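A quick note: this is a predicted structure, and the numbers were derived from the prediction, not measured. Computed over heavy atoms, backbone and side chain alike; hydrogens, waters and symmetry mates excluded. For this chain, numbers begin at 1 and follow the sequence in order.
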Amino acid sequence: MEEERESAPVTNPHPVECEECKSNPWKYKCPGCSIRTCSLPCVNSHKQRTACNGKRSFNHVLPLSQFDDNLLLSDYNMLEDVKRFAESARRMRQSLCGYSHFKLPVPLKNLRRAAASRRTKIHFLSNGMSKREKNQTYYNNR
């Protein structure tokens, strides 16, 4: 039984050579589609051939078995960028409009007031956002 295990060929799950030119060992991996390339000409050739933008899709879900430290760092950087954009938008809205919150219709103000009385803070999306239009939450004053 041990002899059978030793005779089985060991296959590498990842190719050793560049997936674009197939002549040199790969050095780089595309964040967008994980194709392994060896040089800048191969990267450019890959982007032109596949119309890949070279950026990782943030809504792509990976199984936990494929999750590693690089993906964790990438997710953390994405969250930091989102936080920076949100804070910048809040500051700009505050400087332009003089207030940092959106003007809410009366039913949503009632919902916010009722939630606040229960020590719950509600954040609303701005008008025109698809999730806000789909949201059916309301407060019945009775």
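- A donor and an acceptor atom, one from each side chain of Asn110 and Arg113, are located under 3.5 Å apart.
- Across all non-hydrogen atoms, the minimal contact from Leu125 to Lys131 is CD1-CB, 3.5 Å.
- Here the side chains of Cys21 and Cys38 are in contact, with some heavy-atom distance below 4.5 Å.
- The shortest heavy-atom contact between Cys42 and Glu20 is O-CG, 3.6 Å.
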Under the side chain to side chain contact (heavy atoms under 4.5 Å, CB included) criterion, do Lys29 and Asn70 qualify, and how do the steps go? CA-CA 12 Å; Lys29 187 169 92 169; Asn70 291 334; over 6 Å; no

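- One finds the NZ atom of Lys27 at 8.0 Å from the OG atom of Ser39 (value rounded to the nearest 0.5 Å).
- Of all the heavy atoms in Glu133 and Gln136, the pair that sits closest is O-NE2, 4.1 Å.
- Residue Leu79 holds its CG atom at 9.5 Å from OG of Ser74, rounded to the nearest 0.5 Å.
- In terms of heavy atoms, Ile122 sits closest to Phe124 at CG2-CZ, 3.6 Å.
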Start with the C-alpha distance between Met78 and Val82, add both sets of side-chain angles, then the distance that settles side chain to side chain contact (heavy atoms under 4.5 Å, CB included), and finish with yes or no. CA-CA 6 Å; Met78 185 267 307; Val82 168; 3.9 Å; yes

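- Residue Arg49 comes nearest to Ile35 through the heavy atom pair NH2-CD1, 4.3 Å, listed as atom of the first residue, atom of the second, then distance.
- The minimum heavy-atom distance between Cys52 and Cys33, with the atom names listed, is SG-SG, 3.8 Å.
- One distance of note links CE of Met92 with CD of Glu87; it measures 13.5 Å at 0.5 Å rounding.
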Worked check of side chain to side chain contact (heavy atoms under 4.5 Å, CB included) between Ser88 and Arg91: CA-CA 5 Å; Ser88 174; Arg91 285 192 306 269; 3.9 Å; yes

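- Around atom CG of Asp69, no more than 12 heavy atoms belonging to other residues, nucleotides or ligands sit under 6.0 Å away.
- Environment of CD in Glu80: crowded, with over 12 heavy atoms of neighbouring residues, nucleotides or ligands closer than 6.0 Å.
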